[in-house]
Q: 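Take this structure, written in structure tokens, and hold onto it; I'll ask about it next.
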Amino acid sequence: MHDIRAIRENPQAFDAALARRGEAPAAAEILALDEARRARIAAAEAAKAEQNRAAKAIGAAKARGDEEEFQRLRNEVAAKKAEVAAMQAEARELDARLQERLMWIPNAPAEDVPEGKDEDDNVEIRRWGTPRAFDFAPREHFDIAGARAGLDFETAAKLSGARFVVLRGAVARIHRALAQFMLDTHIAENGLTEVNGPVLVLPEAMRGTGQLPKFTEDSYRTTDDWWLIPTSEVTLTNTVAGDILEEAALPVRLTAHSLCFRSEAGSAGKDTRGMLRQHQFEKVEMVSITRPDASDEEQQRMLRCAEDILERLGIPYRTVILCTGDMGFSARRTYDIEAWLPGQNRYREISSVSTCGDFQARRMNARFRPAGGGKPEFVHTLNGSGLAVGRTLIAVLENGQNADGSVTLPQALAPYLGGRLTLTAEGELA
RNA sequence: GGGGAGGUGGCAGAGUGGUCGAAUGCGGCGGUCUUGAAAACCGUUGGGCGCGAGAGCGUCCCCGGGGUUCGAAUCCCCGUCUCCCCGCCA
């Protein structure tokens, strides 16, 4: 959420930021609401002050036995009361409208975010690794002999319909190994704290991170009005909602392995084969809560944590910075990491690392108290995939495939696979 | 699911209709004393919003939301969370 004071101070800058995102100007409308709201607040509080003064004098009048004055004050307070109530109601209504309006407006892009309309305008930052030269036509993951036995889309369809998968045997184990490997690396090497939280959350949490109110159709809701998290960013970031943290406690660095649920509304017909895009998938997520001046550096650190996973797995990737038109609602700057998928002969998104500045912190009222004392300030929040487990499985399978349909698995997974690093063409670990 | 007890400042814990944003203790911060520290003593110590250049002024907040009353931390209703007992259960 945006700072109403900042909009007041520089409405032009606010509209300019919206324009970079391709959004219509909103400052004029918002400031009109804000002005009306503040006028009502001032009037209501002045009237309330008079009421309080009279109410306070009643006690004294009673004590000194001045019945006449007592009655007069009673009447005065009663008269004021109605006036105050009416003005307060108006102020509340205007405030609610202002808040609601602000809840629908996306974050402003950072200065260095490249201008652009869609993903074609994203800018490549770097590449790591060299895509392997195959002496045969590399297949997509669902066509690799060794993987086929463990990727059961038919049974998944029977259970749950389209965009689900049942993993079996060695493939299921490799998938699990990847998640364990990622978590262990983040905990032991990157200094993150493991968290295992709910995947069912209240609407407030979804509003805090920005999924609601604008993107209701992208997530699933239970009949009890819980929401299934589309990413554990929601769970992890909202752990500090409403808190005032001590500066010494920052940065807070969290990681979680969780199920994620997405309706994929609007992506019908996209990536329908294989397990690239599912309604339910697993992801290891990273979240950092930092001081405002530390968030840019933290984003680079987090980006490195995610890239490091791919490097340890030996999967070539490229890193891009998203342009203004391709960034998510809450983000101020986002880097995507795209893994090389030889079966598709292209790079595909496997991680997204964003800083949200104080945008989410304002929504969830997450603050810290400066070390020297003084007023609490909003923290900065960051999140990044580290990584999407299912997509990493695809990358491992496609990059390690052999002509005979077997797959050579990364050395890094050895501790998790009993040292057996070959997925045979028959779908067994060897 | 049924029954009971509770949610007060960073923590502990008073306060059951008026002068309470709220005693007291602990903790924190500043100071006196001390070579330094401890102890002791003194002072200070929540957040939001509005107005104001500022000092400051006003207003709201005792889990959340309604209500009663001239006046609510205190009374009533609903919700929520915690704890205890019973039932059920991975």
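All chains are named by letter (A, B, ...) in the order of the sequence lines, taking the proteins before the strands, and each is independently numbered beginning at 1.
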Q: Would you tabulate the pairs of protein nitrogen or oxygen atoms and nucleotide nitrogen or oxygen atoms of nucleotides 55-61 of chain B closer than 3.5 angstrom?
A:
{"from": "B:G58", "atom 1": "N2", "to": "A:Glu45", "atom 2": "OE1", "distance (Å)": "2.6"}
{"from": "B:G58", "atom 1": "N2", "to": "A:Glu45", "atom 2": "OE2", "distance (Å)": "3.0"}
{"from": "B:G58", "atom 1": "N3", "to": "A:Glu45", "atom 2": "OE1", "distance (Å)": "3.3"}
{"from": "B:U59", "atom 1": "OP1", "to": "A:Asn52", "atom 2": "ND2", "distance (Å)": "3.4"}

Q: For B:G64, give its Watson-Crick or G-U wobble partner with both distances under 3.5 Å, or none.
A: B:C78
Q: Using atom C1' in both nucleotides, what's the gap between B:C51 and B:C63 to the nearest angstrom?
A: 31 Å
Q: Are there any protein N/O atoms within less than 3.5 Å of an N/O atom in nucleotides 44-47 of chain B, and if so, which ones and at what distance?
A:
{"from": "B:G47", "atom 1": "OP1", "to": "A:Arg369", "atom 2": "NH1", "distance (Å)": "3.1"}
{"from": "B:G47", "atom 1": "O3'", "to": "A:Arg367", "atom 2": "NH1", "distance (Å)": "3.1"}

Q: So, is A:Arg38 near the phosphate of B:C49, with a side-chain N or O under 4.0 Å from OP1 or OP2?
A: no
Q: B:C63 P sits how many Å from A:Asp243 CG, rounded?
A: 18 Å
Q: Answer yes when A:Glu264 and A:Arg163 have at least one side-chain N-carboxylate O distance shorter than 4.0 Å, and no when they do not.
A: no
Q: Please state how far atom CZ in A:Arg5 lies from atom C1' in B:G48, giving the value in whole angstrom units.
A: 10 Å
Q: Using the P atom as the reference point in each nucleotide, state the distance between B:C29 and B:C78 in Å, no decimals.
A: 46 Å
Q: Step by step, work out the side chain to side chain contact (heavy atoms under 4.5 Å, CB included) result for A:Asp271 and A:Arg348.
A: CA-CA 11 Å; A:Asp271 305 314; A:Arg348 291 302 304 259; 3.1 Å; yes
Q: For nucleotides B:C61 and B:A73, find the distance between their C1' atoms and express it as a whole number of Å.
A: 11 Å
Q: Can you check the A:Asp3 CG to B:G48 C1' distance for me, whole Å?
A: 14 Å
Q: Provide the Watson-Crick or G-U wobble partner of B:U16, both distances under 3.5 Å; none if there is no partner.
A: none
Q: For residues 87-100 of chain A, dump all side-chain donor-acceptor pairs below 3.5 Å to protein atoms at least two apart in sequence or in another chain.
A:
{"from": "A:Glu90", "atom 1": "OE1", "to": "A:Arg40", "atom 2": "NH1", "distance (Å)": "3.3"}
{"from": "A:Asp95", "atom 1": "OD1", "to": "A:Arg37", "atom 2": "NE", "distance (Å)": "2.7"}
{"from": "A:Glu100", "atom 1": "OE2", "to": "A:Trp104", "atom 2": "NE1", "distance (Å)": "2.8"}

Q: Roughly how many Å apart are B:C89 and B:G15, using the P atom of each and rounding to a whole number?
A: 44 Å
Q: After noting the C-alpha distance and the side-chain angles of A:Val113 and A:Leu322, does the key distance pass the side chain to side chain contact (heavy atoms under 4.5 Å, CB included) rule?
A: CA-CA 7 Å; A:Val113 171; A:Leu322 299 195; over 6 Å; no
Q: May I ask you to say what A:Arg92 touches in the nucleic acid, namely base, sugar-phosphate or nothing, with a heavy-atom cut-off under 4.0 Å?
A: nothing
Q: Looking at A:Glu111, I'd like to know if its CD atom is crowded, meaning that more than 12 non-hydrogen atoms belonging to other residues, nucleotides or ligands lie closer than 6.0 Å.
A: no
Q: Show me the donor-acceptor pairs within less than 3.5 Å that the side chains of residues 168-180 of chain A make with the rest of the protein, sequence neighbours left out.
A:
{"from": "A:Arg168", "atom 1": "NE", "to": "A:Asp152", "atom 2": "OD2", "distance (Å)": "3.0"}
{"from": "A:Arg168", "atom 1": "NH2", "to": "A:Asp152", "atom 2": "OD2", "distance (Å)": "2.9"}
{"from": "A:Arg173", "atom 1": "NH2", "to": "A:Tyr416", "atom 2": "O", "distance (Å)": "3.4"}

Q: Determine, step by step, whether A:Glu83 and A:Lys48 satisfy the salt bridge (charged side-chain N to carboxylate O under 4.0 Å, His left out) criterion, reporting the C-alpha distance in whole Å, the side-chain angles of both residues, the deciding distance to 0.1 Å, and the verdict.
A: CA-CA 9 Å; A:Glu83 191 187 329; A:Lys48 182 69 180 176; over 6 Å; no
Q: If you measure from the C1' atom in B:A72 to the same atom in B:C20, how many Å do you get, rounded?
A: 11 Å
Q: Let's test this: given Watson-Crick or G-U wobble pairing with both distances under 3.5 Å, identify the partner of B:C57.
A: B:G50
Q: Are A:Phe359 and A:His2, when compared by the centres of their aromatic rings, separated by less than 6.0 Å?
A: yes
Q: CG of A:Leu94 versus P of B:G50: gap in Å, rounded?
A: 13 Å
Q: Passes salt bridge (charged side-chain N to carboxylate O under 4.0 Å, His left out), A:Glu311 versus A:Arg304? Steps please.
A: CA-CA 10 Å; A:Glu311 291 173 20; A:Arg304 283 302 306 151; 3.2 Å; yes
Q: Run A:Arg291 and A:Phe368 through side chain to side chain contact (heavy atoms under 4.5 Å, CB included) and show every step you take.
A: CA-CA 8 Å; A:Arg291 286 195 325 244; A:Phe368 75 98; 4.3 Å; yes
Q: Tell me the interatomic distance from A:Ile4, atom CD1, to B:C51, atom C1', rounded to whole angstroms.
A: 17 Å
Q: With heavy atoms under 4.0 Å as the rule, sort A:Arg40 into base, sugar-phosphate or nothing.
A: nothing
Q: Would you mind pulling out the nucleotide paired to B:C83, Watson-Crick or G-U wobble, both distances under 3.5 Å?
A: B:G4
Q: Could you give the CZ-to-P distance, from A:Arg37 to B:C49, as a whole number of Å?
A: 9 Å
Q: Check whether the ring centres of A:His279 and A:Phe261 lie less than 6.0 Å apart, and answer yes or no.
A: no
Q: Given the C1' atoms of B:C11 and B:G64, what is the spacing between them in whole Å?
A: 23 Å
Q: Taking any strand in view, what nucleotide pairs with B:U69 in a Watson-Crick or G-U wobble way, both distances under 3.5 Å?
A: none
Q: Could you list, one pair per line, each protein nitrogen or oxygen that sits under 3.5 Å from a nitrogen or oxygen of nucleotides 71-80 of chain B, together with the distance?
A:
{"from": "B:G71", "atom 1": "OP1", "to": "A:Lys81", "atom 2": "NZ", "distance (Å)": "3.2"}

Q: What does B:C41 pair with, Watson-Crick or G-U, if both distances are under 3.5 Å?
A: B:G31
Q: Taking atom P in both B:G21 and B:U59, compute the distance separating them and give it to the nearest angstrom.
A: 10 Å
Q: Quote, to the nearest angstrom, the P distance that separates B:G6 from B:U16.
A: 15 Å
Q: For residues 228-237 of chain A, dump all side-chain donor-acceptor pairs below 3.5 Å to protein atoms at least two apart in sequence or in another chain.
A:
{"from": "A:Thr231", "atom 1": "OG1", "to": "A:Glu233", "atom 2": "N", "distance (Å)": "3.0"}
{"from": "A:Thr231", "atom 1": "OG1", "to": "A:Lys283", "atom 2": "NZ", "distance (Å)": "2.8"}
{"from": "A:Ser232", "atom 1": "OG", "to": "A:Ser258", "atom 2": "OG", "distance (Å)": "3.4"}
{"from": "A:Glu233", "atom 1": "OE2", "to": "A:Gln360", "atom 2": "NE2", "distance (Å)": "2.8"}
{"from": "A:Glu233", "atom 1": "OE2", "to": "A:Asn383", "atom 2": "ND2", "distance (Å)": "3.3"}
{"from": "A:Thr235", "atom 1": "OG1", "to": "A:Pro198", "atom 2": "O", "distance (Å)": "3.2"}
{"from": "A:Thr237", "atom 1": "OG1", "to": "A:Glu233", "atom 2": "O", "distance (Å)": "2.7"}

Q: Tell which nucleotide pairs with B:G9, taking only Watson-Crick or G-U wobble pairs whose two distances are both under 3.5 angstrom.
A: none
Q: Please indicate whether A:Asn196 has more than 12 foreign heavy atoms, meaning atoms of other residues, nucleotides or ligands, lying under 6.0 Å from its CG.
A: no
